[in-house]
Amino acid sequence: MSASSIFAPNLLANQVAIVTGGGSGIGAGIAELLAAHGAKVGLVGRTLEKLEATAMKIRERGGVATCRAVDVRKYDDLSQATESVTHEFGGLHILVNSAAGNFLAPAAGLSANGFRTVIDIDLCGTFNASRAAFAHLSKQGGNIVNITATQATVATPLQCHAGAAKAGIEKLTRDLALEWAGSKIRVNAVAPGPIEGTEGMTRLAPGGAGDHLKKRVPLNRYGNIDEIASSVLFLVSPAGSYITGSTLLIDGGTSLIGPGPFLDMMLGEI
Ligand code: NAP
Ligand code: COA
């Protein structure tokens, strides 16, 4: 990648991206930004209506998008969807793994199936999509970006399932970065902090917990979806061409001060 390509007007022209979880929230924002910079985007999630809504927004701005209603836990379905997006758009260059499931639950009350379900969607889903994409990405090289969370590194009560899954994804990120560097595939992760207007925030910081959390963010505000999407754009663009195996923490400094309101929630203080 020559340094001069950083100055190209359409950073992702002629590239094809697949975004899991692209039907809503952060995944949708990432898909919209990649498309705005010229990538043709394949949106993957379980609910076709949500995917179509994101695709419509992309098309209204002149972008190109296609949808595949697939559960990332089902490898064969995901592999088939990857194959068909690649066939429709003539290649694959970028995979963003944003699909995830989460809820607040104390470990002592969480069922084995509840724990397994989150590991299966987040960690196994990320492996499944990466494995399905490898043959296509390795044809010319490409990028994988995994969306993790600060729970991967900060001990966080009520979040052992999601924390373990995201920590696993960050380790997978480094291992795949090493194994696939020879195939010119860069593998990185982005770890968001609290992002306003998302399902994640609705689930994890309900009611008063949200206000409490906002006060604890060193930058004194929530992040927004565009701030996560632009970090993904940076990593997959020529601007990030020497970065692989990294996790970019985008949390307004939240992780610098520990588990914050989750601890207060556990102690019954909010
Ligand atoms: P979201 O809107 O619920 O996004 C998750 C997406 O994943 C949904 O579109 C969902 O669509 C899809 N999905 C869930 N299970 C799936 C499955 N089994 N197969 C395929 N798709 C599936 O939530 P979000 O808050 O934007 O979160 C997006 C990502 O950011 C997640 O990885 C999350 O962990 C991470 N994150 C969020 C925050 C935050 O503040 N929001 C903070 C840190 C990290 P369907 O239900 O239709 O399948
Ligand atoms: N607290 C404790 N356990 C819970 C729970 C909660 N709030 N929600 C679900 N579970 C448990 C269920 O009880 C079940 O375990 P069981 O069989 O022992 O009873 C297990 O998790 C699976 O639940 P199910 O509803 O069958 O899973 P699903 O595959 O249909 O859905 C979820 C997965 C649970 C993660 C669901 O919330 C989801 O689809 N989330 C996607 C969106 C999302 O979470 N966005 C935020 C991203 S940060």
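In listed order, ligands and their atoms are each counted from 1. These values consider heavy atoms only, across backbone and side chains, with no hydrogens, waters or symmetry-generated copies.
- At a 4.0 Å heavy-atom cut-off, ligand 2 touches R73 through the side chain alone.
- Residue contact check: A100 has heavy atoms under 4.0 Å from atoms 41 (C), 42 (C), 43 (C), 44 (O), 45 (N), 47 (C) of ligand 2.
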message: Run the side chain to side chain contact (heavy atoms under 4.5 Å, CB included) test on R73 and C124 for me, step by step, so that the C-alpha distance in whole Å, both residues' side-chain angles and the decisive distance to 0.1 Å come before the verdict.
response: CA-CA 7 Å; R73 289 170 284 191; C124 300; 6.0 Å; no
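- Within the set V190, I147, D71, the minimum heavy-atom distance to atom 30 (O) of ligand 1 is found for I147.
- Ligand 2 has no nitrogen or oxygen under 3.5 angstrom from a nitrogen or oxygen of E199.
- By the 3.5 Å distance cut-off applied to N or O atoms, G45 is not counted among the residues near ligand 1.
- By the criterion of a heavy-atom distance under 4.0 Å, neither the backbone nor the side chain of R116 is placed next to ligand 2.
- For atom 16 (P) of ligand 2, a protein heavy-atom neighbour is found at a distance under 4.0 Å.
- The protein atom (non-hydrogen) at minimum distance from atom 12 (C) of ligand 1 is G21 CA, 3.8 Å.
- Each of the following atoms of ligand 1 lies closer than 4.0 Å to a heavy atom of M201: 40 (O), 41 (N).
- For ligand 1 and K166, the ligand atoms under 4.0 Å from any heavy atom of the residue are 31 (C), 32 (O), 33 (C), 34 (O).
- A salt bridge links R61 with E32: at least one charged nitrogen is closer than 4.0 Å to a carboxylate oxygen.
- Considering backbone and side-chain N/O of G22, none are found under 3.5 Å from N/O of ligand 1.
- At least one heavy atom of G193 sits closer than 4.0 Å to an atom of ligand 1.
- Under 4.0 Å is where a charged nitrogen must lie from a carboxylate oxygen, and between K57 and E52 no such pair does.
- For ligand 1, one of its N or O atoms has an N or O atom of I26 under 3.5 Å away.
- For ligand 1, the atoms lying closer than 4.0 Å to a non-hydrogen atom of R73 are 18 (N).
- With atom 33 (C) of ligand 2 as the reference point, the heavy atom nearest to it among T47, T117, D120 is part of T117.
- Taking a 4.0 Å cut-off on heavy atoms, N102 fails to register as neighbouring ligand 1.
- By the 3.5 Å distance cut-off applied to N or O atoms, S98 is counted among the residues near ligand 1.
- Ligand 1 has an N or O atom lying under 3.5 Å from an N or O atom of G200, backbone or side chain.
- Close approach to I121 involves these atoms of ligand 1, each under 4.0 Å from a residue heavy atom: 15 (N), 16 (C), 18 (N).
- For atom 25 (O) of ligand 2, the nearest protein heavy atom lies 4.0 Å or farther away.
- A 4.5 Å side-chain heavy-atom check between Q80 and D76 finds every atom pair outside the cut-off.
- In this structure, of T54, I250, V70, the residue bringing a heavy atom nearest to atom 20 (C) of ligand 1 is V70.
- Ion pairing between R203 and E199 holds under the 4.0 Å rule for side-chain N and carboxylate O.
- Heavy atoms of I228 found under 4.0 angstrom from ligand 1: none, in either backbone or side chain.
- Here is the list of ligand 2 atoms found below 4.0 Å of a heavy atom in R46: 38 (C), 39 (O), 41 (C).
- Against a heavy-atom cut-off of under 4.0 Å, A149 is close to the following atoms of ligand 1: 43 (C), 44 (C).
- In this comparison of L204, N102, I121, the heavy atom closest to atom 44 (O) of ligand 2 sits on N102.
- The T148 neighbourhood of ligand 1 comprises atoms 35 (C), 36 (N), 43 (C), 44 (C), with distances under 4.0 Å to a heavy atom of that residue.
- Heavy atoms of P194 approach ligand 1 to within less than 4.0 angstrom.
- Salt-bridge formation is detected for the pair R221/E227: a Lys NZ or Arg NE/NH1/NH2 atom is positioned less than 4.0 Å from an Asp or Glu carboxylate oxygen.
- Looking at heavy atoms from C-beta onward, I121 lies in side-chain contact with V72 at the 4.5 angstrom threshold.
- Considering only non-hydrogen atoms, atom 4 (O) of ligand 1 lies nearest to S24 out of G25, G23, S24.
- Atoms of ligand 2 found under 4.0 Å from any heavy atom of G114 (numbered from 1 in listed order, with element): 11 (C), 15 (O), 20 (C), 21 (O).
- Given atom 23 (O) of ligand 1, the protein heavy atom at minimum distance is E199 CB, 3.7 Å.
- With atom 39 (C) of ligand 1 as the reference point, the heavy atom nearest to it among N128, T198, T47, V19 is part of T198.
- Between K171 and D175, at least one side-chain N (NZ, or NE/NH1/NH2) sits under 4.0 Å from a carboxylate O, which counts as a salt bridge.
- Ion pairing between a basic and an acidic side chain is recognised when a charged N comes within 4.0 Å of a carboxylate O; E88 and R68 show such pairing.
- Regarding atom 22 (C) of ligand 1, its nearest protein heavy-atom neighbour is A99 CB, 3.7 Å.
- At the shortest separation from atom 10 (C) of ligand 1 among protein heavy atoms lies K50 NZ, 3.9 Å.
- One finds a salt bridge joining R216 and D264 here, because a Lys/Arg side-chain nitrogen approaches an Asp/Glu carboxylate oxygen to under 4.0 Å.
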